[in-house]
Amino acid sequence: MKAVILVGGLGTRLRPLTCNTPKPMIPLVNQPFIEMMLLRLRDQGIDEVILAVQYLADHFRAILGDGSRLGLKLHTVEEPEPRGTAGAVKNVEDLLDSTTFVFNGDVMTDLDLQAMLAFHREKGSALTISLTPVDDPTQFGLVETDSSDQIKRFLEKPRVEDITTNMINAGTYIIEPEVFKYVPPAQHYMFERGLFPVLLQTGDPMFGYPSRAYWTDIGKPQTYLDVHHDILIGKVHYTFRGQQIADRVWLEDGAEIHPSAQIVGPVVLGRGVVIERNARIIGPTVIGARCTIGSDVRIEGSVLWEDNQIAEGTLLHSCVLGNGNHIGERNHITDGAIIGDQCSIGAENRLERGIRLWPKTVLNDKAISF
Ligand code: GDD
Ligand code: MG
């Protein structure tokens with residue numbers, strides 16, 4: 001079974017984390033998100049995947065290769081210019097021969113793909129859209145269905161007054177290849193504002209597959225932290241890598257942990273992490289490979305990528321650190337703060353309330369002070 005994953009977006013909402021790392025490559029529990037997604041697809045019977053990228057194709061090829069390391073066949077296809085969601089699939093139509101899954105590349109879900117496929121076949125559907133309930137549909141594609149699950153209306157980013165249901169497009173589709181006859185070649189064309197409304201006109205059978213599977217769009221800073229939280233507390237089906245060294249504490253390989261340090265799970269520690277005297281790491285927290293956590297540091301509810309050095313007495317709470325930052329002594333970095341890559345922060349700064357530091361930012365001691 002084949003699948004196309006749409007990974008063309010720029011990930012602007014996740015900046016500065018996406019300044020140096022394309023959105024599908026940002027780590028989720030110390031593993032590139034796309035890699036985790038590919039393994040999930042493989043485990044659910046998909047053996048060939050086409051990544052529809054818009055830029056940085058070489059970056060994807062360098063990390064994922066031909067997919068053999070992950071146990072599937074992978075093609076990375078770069079569009080000549082942004083073709084939109086449906087145009088991107090049209091662009092790889094030659095590689096498709098039968099019923100195909102299509103995925104938005106920024107969705108974390110444990111949806112049962114085989115159950116969705118059985119539904120698609122049972123209904124005789126030409127195009128099936130997975131649906132999930134949300135509190136606020138205005139950021140998504142609203143989907144109205146009838147009592148037999150046939151789609152009656154699709155409204156992308158509805159206005160509040162147009163909301164008639166809380167069911168939205170969850171970004172997983174099953175598509176019969178004939179449907180692509182409606183997509184104009186070599187043009188920018190969207191599923192959401194183009195093909196779906198067209199299918200409602202032509203009357204081709206289009207069904208919505210409602211599901212209560214775990215679902216979230218990872219493309220926003222708060223949801224990025226929330227997804228980590230949900231994985232670590234076991235709200236989503238997830239297989240942890242590495243070895244479990246204590247109650248809900250996983251260690252990926254070789255770490256130095258001072259005997260006086262306190263680690264309260266759920267916590268994942270990457271390869272070669274060093275944790276010094278009296279440091280306290282409180283879950284849900286993920287610490288990337290080769291980070292050094294100084295003495296009396298306290299980290300809670302945070303995600304650190306690789307190669308960060310945190311000096312004595314600093315507090316990290318509900319924040320995200322990219323790669324290779326040097327954080328001085330006794331800083332308070334809290335409340336959704338996001339630090340890009342290779343920043344250098346002096347001592348005793350207070351960074352909070354969603355502050356974002358661009359890569360390579362340099363802050364002196366007490367520059368943003370208590
Ligand atoms: N290759 C390629 N080319 N990919 C693209 C392009 C393109 O021109 N444009 C967007 N994508 C990819 C993005 O990288 C992302 O993985 C996916 O298509 C959806 O684009 P987003 O920009 O993330 O859209 P959204 O989140 O605002 O809305 C979409 O997803 C919602 C669910 O998360 C829509 O499909 C909504 O209807 C849906 O509810
Ligand atoms: Mg999205």
Side-chain angles (χ1 to χ4, degrees), residues 3-15 18 21-26 32-34 37-38 41 49-57 59-60 75-93 95 101-109 111 127-145 151 153-158 162-163 165-173 175 183-184 186-197 199-200 206 208-211 213-224 226-227:
V4 180
I5 308 182
L6 299 168
V7 282
L10 293 172
T12 37
R13 284 170 294 192
L14 270 182
R15 280 184 195 150
T18 46
T21 309
K23 179 163 75 167
M25 288 291 177
I26 67 170
F33 174 71
I34 191 74
M37 187 167 173
L38 289 168
L41 268 43
V49 175
I50 298 132
L51 282 187
V53 308
Q54 240 180 62
Y55 67 122
L56 296 170
H59 190 111
F60 285 95
H75 312 260
T76 301
V77 180
E78 189 170 341
E79 287 149 50
E81 69 279 319
R83 288 279 167 87
T85 47
V89 184
K90 181 79 176 177
N91 187 48
V92 300
E93 198 181 6
L95 295 168
F101 274 96
V102 174
F103 297 91
N104 281 355
D106 58 355
V107 165
M108 171 75 192
T109 177
L111 181 70
L127 192 153
T128 300
I129 303 177
S130 67
L131 309 180
T132 193
V134 293
D135 293 337
D136 174 15
T138 57
Q139 300 303 308
F140 302 104
L142 177 135
V143 184
E144 258 178 52
T145 52
I151 296 176
R153 187 168 176 237
F154 189 100
L155 200 54
E156 185 64 17
K157 313 284 189 294
D162 293 328
I163 293 173
T165 168
N166 65 343
M167 293 306 263
I168 59 117
N169 166 16
T172 297
Y173 315 125
I175 306 184
V183 180
Q187 271 185 42
H188 186 275
Y189 195 77
M190 298 296 279
F191 281 121
E192 296 85 346
R193 296 181 194 272
L195 184 65
F196 299 157
L199 291 179
L200 288 172
M206 180 162 63
Y209 176 67
S211 150
Y214 180 86
W215 185 89
T216 189
D217 179 329
I218 63 152
K220 289 175 246 157
Q222 187 50 45
T223 49
Y224 181 69
D226 291 345
V227 169

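Each ligand, and each atom within it, is numbered from 1 in the order the structure gives.
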K.L.:
I need the minimum non-hydrogen distance between G208 and L131, along with the two atoms involved.
P.N.:
CA-CD1, 3.8 Å

K.L.:
Side-chain contact test, heavy atoms from C-beta onward, threshold under 4.5 Å: evaluate it for V7 versus K23 and give yes or no.
P.N.:
no

K.L.:
Please answer whether the main-chain N or O of W215 pairs with a side-chain N or O of T132 as donor and acceptor at a distance below 3.5 Å.
P.N.:
no

K.L.:
Counting only N and O atoms by type, is there a donor-acceptor contact under 3.5 Å from the side chain of T172 to the main-chain atoms of S130?
P.N.:
no

K.L.:
Using a 3.5 Å distance criterion without hydrogens, assess whether the side chain of T128 forms a donor-acceptor pair with backbone atoms of Y173.
P.N.:
no

K.L.:
So, the side chain of T165 versus the backbone of E144: is there a donor-acceptor pair under 3.5 Å, distance only?
P.N.:
no

K.L.:
Provide, line by line, the atom pairs where ligand 1 and the protein bring an N/O atom each to a distance under 3.5 Å; else say none.
P.N.:
from     : atom 1 : to   : atom 2 : distance (Å)
ligand 1 : 1 (N)  : A52  : O      : 2.9
ligand 1 : 1 (N)  : E79  : OE2    : 2.5
ligand 1 : 3 (N)  : Q54  : NE2    : 3.1
ligand 1 : 3 (N)  : E79  : OE1    : 3.1
ligand 1 : 3 (N)  : E79  : OE2    : 3.2
ligand 1 : 4 (N)  : G8   : N      : 3.0
ligand 1 : 8 (O)  : Q54  : NE2    : 2.9
ligand 1 : 8 (O)  : G84  : N      : 2.8
ligand 1 : 14 (O) : G8   : N      : 3.3
ligand 1 : 14 (O) : G9   : N      : 2.6
ligand 1 : 16 (O) : L6   : O      : 2.8
ligand 1 : 16 (O) : G105 : N      : 2.8
ligand 1 : 23 (O) : D106 : OD2    : 2.8
ligand 1 : 26 (O) : D217 : OD2    : 3.2
ligand 1 : 27 (O) : K157 : NZ     : 2.8
ligand 1 : 28 (O) : K157 : NZ     : 3.3
ligand 1 : 30 (O) : N104 : ND2    : 3.0
ligand 1 : 33 (O) : D217 : OD2    : 3.1
ligand 1 : 35 (O) : N104 : ND2    : 3.3
ligand 1 : 35 (O) : N169 : ND2    : 3.2
ligand 1 : 35 (O) : E192 : OE2    : 2.5
ligand 1 : 37 (O) : G141 : N      : 3.3
ligand 1 : 37 (O) : E156 : OE1    : 2.6
ligand 1 : 37 (O) : E156 : OE2    : 3.4
ligand 1 : 37 (O) : N169 : ND2    : 2.9
ligand 1 : 39 (O) : G141 : N      : 3.0
ligand 1 : 39 (O) : N169 : O      : 2.7

K.L.:
Check for me: within less than 2.8 Å of the Mg ion (ligand 2), which protein N/O/S atoms show up?
P.N.:
D106 OD2, D217 OD2

K.L.:
If I compare all heavy atoms of L111 with all of T109, which pair ends up nearest, and what's the gap?
P.N.:
N-OG1, 3.0 Å

K.L.:
Side chain to side chain contact (heavy atoms under 4.5 Å, CB included) with A88: which residues, sequence neighbours excluded?
P.N.:
L6, A52, E79

K.L.:
Of all residues at least two apart in sequence or in a different chain, which pass the side chain to side chain contact (heavy atoms under 4.5 Å, CB included) check with Q187?
P.N.:
P184

